[in-house]
Amino acid sequence: MDVQTVVANALTLNTDNFVKPALQGLSDADITKRPTDQCNSIGWLLWHQTRVEDAILSNVSGRPQAWIEGKWHEKFGMPANTGVGAGDTLEQVAAFKPTVANLQAYADAVRQKSLAVLKALSPADLERELPAPGGGTRKVGDFLGIIMIDHFHHSGQIAYLRGYLTGKGWFPR
């Protein structure tokens, strides 16, 4: 099995076994709740991890972001040039009011694009250098690792917040 398949499988397993179950039965109001005004919401966390995946794999592939191509920015009422949430203020986090349906649909659209991009990567592509945010360069393989770390980190937060906010575990079955 190649690295691209491992990344694709890990992201899909994470989404299917952690994120989707954690969202089951939550309302649009639930996903915008925050334990304190210093915390992120489930909705913001899912949006952020999806934006990171979308932006990085668009950079890797040279394809437009689903955020722009699919007009997801309009569905979320945000500008096309919205970043990935890194460095957002607490006010921006509090103002973000997504719907469960839009978050899930955007995440699905990004994942479809991601799986196609990952499938098309060659082992040599993993060594290709790309500009990194903040300066310098990173290898494509490093960017794939960043996506995985971001997903696993934030998916754990989503599952924990579901339990915190609902009094039920992250696995609602």
Side-chain angles (χ1 to χ4, degrees), residues 1-24 26 28 31 40 42-88 96 98-159 170-171:
M1 186 179 300
D2 59 26
V3 170
Q4 303 87 305
T5 302
V6 170
V7 172
N9 289 348
L11 292 174
T12 300
L13 286 167
N14 180 63
T15 297
D16 291 349
N17 293 298
F18 291 94
V19 177
K20 287 181 180 178
L23 293 175
Q24 285 179 355
L26 296 182
D28 293 342
I31 65 166
N40 296 322
I42 288 172
W44 188 92
L45 289 165
L46 179 54
W47 171 81
H48 164 70
Q49 78 178 30
T50 304
R51 288 289 298 124
V52 167
E53 180 180 343
D54 192 7
I56 288 176
L57 286 173
S58 289
N59 187 32
V60 165
S61 68
R63 294 173 56 185
Q65 292 182 27
W67 181 251
I68 297 167
E69 190 174 54
K71 300 193 185 301
W72 287 102
H73 62 284
E74 291 177 5
K75 295 168 188 162
F76 284 91
M78 300 172 85
N81 66 351
T82 298
V84 299
D88 278 8
F96 185 62
T99 65
V100 173
N102 274 350
L103 283 170
Q104 288 179 320
Y106 175 49
D108 288 343
V110 168
R111 183 55 47 79
Q112 287 177 1
K113 182 189 82 171
S114 297
L115 293 176
V117 168
L118 289 166
K119 187 175 184 177
L121 291 176
S122 71
D125 286 328
L126 299 177
E127 297 300 322
R128 187 167 33 103
E129 295 275 342
L130 294 172
T137 62
R138 286 189 183 263
K139 292 181 180 184
V140 168
D142 294 333
F143 280 113
L144 298 183
I146 290 167
I147 292 170
M148 291 176 61
I149 290 167
D150 196 68
H151 267 269
F152 302 153
H153 176 79
H154 293 308
S155 295
Q157 291 174 326
I158 289 167
W170 66 270
F171 201 69

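All figures in this text were calculated on a predicted structure; none of them were measured in a lab.
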What are the two closest non-hydrogen atoms of Phe76 and Pro98, and how far apart are they? CE2-CB, 3.8 Å

Does the salt bridge (Lys or Arg N to Asp or Glu O under 4.0 Å) test come out yes or no for Arg111 and Glu53, once each step is laid out? CA-CA 8 Å; Arg111 183 55 47 79; Glu53 180 180 343; 3.0 Å; yes

So Phe18 and Ile158, do their side chains get closer than 4.5 Å, heavy atoms only? no

Side-chain touch Leu121/Leu118, heavy atoms, less than 4.5 angstrom: yes

Hey, are the side chains of Gln4 and Asp125 touching, using non-hydrogen atoms and a 4.5 Å cut-off? no

State the OG-CG distance between Ser155 and Leu13, to the nearest 0.5 angstrom. 11.5 Å

Side-chain heavy atoms of Gln49 within contact of His153, under 4.5 Å: no

Check Pro79 against Trp67 and note the closest heavy-atom contact, atom names and distance. O-NE1, 3.6 Å

Taking Ala66's backbone N and O only, do any of them form a donor-acceptor pair with Asp54's side chain (distance below 3.5 Å, no angle check)? yes

Quick one: does Asn102's side chain have a donor or acceptor within less than 3.5 Å of a partner on Lys75's backbone? yes

Leu23 and Leu103: side-chain contact (heavy atoms from CB on, under 4.5 Å), yes or no, with the steps? CA-CA 10 Å; Leu23 293 175; Leu103 283 170; 5.9 Å; no

Roughly how far, to the nearest 0.5 Å, is CG of Asn17 from OG1 of Thr12? 10.0 Å

Consider only side-chain N and O atoms of Asp2 and Thr5, and report whether a donor and an acceptor are under 3.5 Å apart. yes

How long is the gap from NE2 on His48 to OG1 on Thr50, to the nearest 0.5 Å? 9.5 Å

Minimum side-chain heavy-atom gap Thr82-His73 below 4.5 Å: no

Under 3.5 Å side-chain donor-acceptor pair for Ser58 and Lys113: yes

If you look at every heavy atom in Asn59 and Pro131, which pair is closest and at what distance? ND2-O, 3.7 Å

Side chains of Asp88 and Trp44 only: does a donor on one sit below 3.5 Å from an acceptor on the other? yes

Quick one: are His154 and Asn40 in side-chain contact, heavy atoms under 4.5 Å? no

Which heavy atom in Ala22 sits nearest to a heavy atom in Ala159, and how many Å separate them? CB-CA, 4.2 Å

Go through Asn81 and Ile68 one step at a time and tell me if the side-chain contact (heavy atoms from CB on, under 4.5 Å) criterion holds. CA-CA 8 Å; Asn81 66 351; Ile68 297 167; over 6 Å; no

Between Val84 and Ile56, is there a side-chain heavy-atom distance shorter than 4.5 Å? no

To the nearest 0.5 Å, what is the distance between CD1 on Ile42 and CG on Leu46? 9.5 Å

With rounding to the nearest 0.5 angstrom, report the CZ to CE distance, Phe96 to Met78. 5.5 Å

Within the supplied structure, the quantity of interest is the number of heavy atoms (other residues, nucleotides, ligands) at a distance under 6.0 Å from Arg128 CZ; does it exceed 12? yes

For the CG atom of Asp108 and the OG1 atom of Thr15, what is their distance to the nearest 0.5 Å? 8.5 Å

Step by step, work out the ring-ring contact (aromatic ring centres under 6.0 Å, His included) result for Trp47 and Tyr106. CA-CA 8 Å; Trp47 171 81; Tyr106 175 49; 8.1 Å; no

